[in-house]
Amino acid sequence: MGFFALGSLILVVGIFVSAFFLWVGAKVTGVDVEFIQLLVIAVIASVLGLIPMIGGILGIIVMFVLVCKWADIPFFPDALLMVVVARLASFLTALAIGAALA
């Protein structure tokens with residue numbers, strides 16, 4: 001598998017994993033939010049995460065802001081829990097895919 005294909009696969013899977021774990025976090029914290037909203041937030045944060053050097057931090061900050069504003073979720077503890085778990089799950093999934101296919 002080529003480098004571009006592997007990177008694209010990791011990006012797409014990471015987006016869906018982030019959106020899924022944002023949704024799971026919303027259900028655990030009792031927040032009512034649509035999966036589509038969380039998927040759009042995950043797409044925007046993941047695309048921003050592709051920017052060299054500042055993308056990772058910028059993606060996390062934007063994910064926090066969008067979760068708080070679009071989904072109307074309080075920052076602490078709901079949004080904090082949702083974003084940390086989603087980003088961690090996405091990172092671990094990317095590592096697993098990279099290790100499995102490398």
Side-chain angles (χ1 to χ4, degrees):
M1 181 174 281
F3 181 73
F4 180 75
L6 179 62
S8 299
L9 176 67
I10 289 173
L11 178 67
V12 170
V13 170
I15 288 170
F16 282 101
V17 167
S18 289
F20 174 73
F21 278 99
L22 282 172
W23 180 77
V24 169
K27 295 303 173 191
V28 167
T29 58
V31 176
D32 186 33
V33 63
E34 295 291 325
F35 183 76
I36 296 298
Q37 285 177 303
L38 300 175
L39 185 61
V40 170
I41 291 170
V43 167
I44 293 170
S46 295
V47 169
L48 287 174
L50 295 175
I51 299 172
M53 296 181 57
I54 62 167
I57 300 295
L58 185 62
I60 291 171
I61 291 170
V62 167
M63 185 177 276
F64 272 122
V65 170
L66 292 178
V67 163
C68 291
K69 296 293 181 185
W70 282 2
D72 196 30
I73 297 173
F75 176 76
F76 186 81
D78 299 339
L80 184 64
L81 175 68
M82 289 170 57
V83 171
V84 168
V85 169
R87 293 304 270 189
L88 182 63
S90 178
F91 176 72
L92 293 176
T93 302
L95 283 178
I97 291 172
L101 297 178

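Note that the structure is predicted; figures quoted are calculated from it, not measured.
Counting only heavy atoms from C-beta outward, the side chains of L22 and F35 never approach each other to under 4.5 Å. Proximity of W70 to I44: side-chain heavy atoms (C-beta onward) are separated by under 4.5 Å at one or more points. You'll find the side chain of V33 stays beyond 4.5 Å of the side chain of D72, heavy atoms only.
The CG atom of L66 sits 10.5 Å away from the CD atom of Q37 when rounded to the nearest 0.5 Å. We find the CZ-OG1 distance between F21 and T93 to be 6.5 Å, quoted to the nearest 0.5 Å. Here the straight-line distance linking atom CD1 of I54 with atom CD1 of I61 works out to 9.5 Å at 0.5 Å rounding. The distance from atom CE of M82 to atom CZ of F75, rounded to the nearest 0.5 Å, is 12.5 Å.
Two different hydrophobic clusters hold I57 and M53 under the rule that ILVMFWY side chains link at heavy-atom gaps under 4.5 Å. Note on F76 and V28: same hydrophobic cluster, where clusters join Ile, Leu, Val, Met, Phe, Trp and Tyr whose side-chain heavy atoms are under 4.5 Å apart, directly or indirectly. V65 and M63 sit in two unconnected hydrophobic clusters of ILVMFWY residues. Membership requires side-chain heavy atoms under 4.5 Å apart, directly or through other members. Hydrophobic clustering of Ile, Leu, Val, Met, Phe, Trp and Tyr side chains at less than 4.5 Å, counting indirect connections, keeps F20 apart from L92.
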Taking distance alone, no hydrogens or angles, what donor-acceptor pairs closer than 3.5 Å link side-chain atoms of residues 45-52 to residues at least two apart or in another chain?
{"from": "S46", "atom 1": "OG", "to": "A42", "atom 2": "O", "distance (Å)": "2.8"}

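Surrounding NZ of K27 are more than 12 heavy atoms belonging to other residues, nucleotides or ligands, all under 6.0 Å away. Around atom CG of L88, more than 12 heavy atoms belonging to other residues, nucleotides or ligands sit under 6.0 Å away. In this structure, F91 places its CZ atom where only 12 or fewer heavy-atom neighbours from other residues, nucleotides or ligands lie under 6.0 Å away.
Put simply, the residue from D32, V83, V67 that forms a side chain to side chain contact (heavy atoms under 4.5 Å, CB included) with I73 is V67.
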* To do: Report the C-alpha distance between L39 and F16 in whole Å, list the side-chain angles of each, state the deciding distance to 0.1 Å, and finish with yes or no for side-chain contact (heavy atoms from CB on, under 4.5 Å).
  => CA-CA 7 Å; L39 185 61; F16 282 101; 3.8 Å; yes
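Side chain of S90 to backbone of A86: no donor-acceptor contact under 3.5 angstrom is found.
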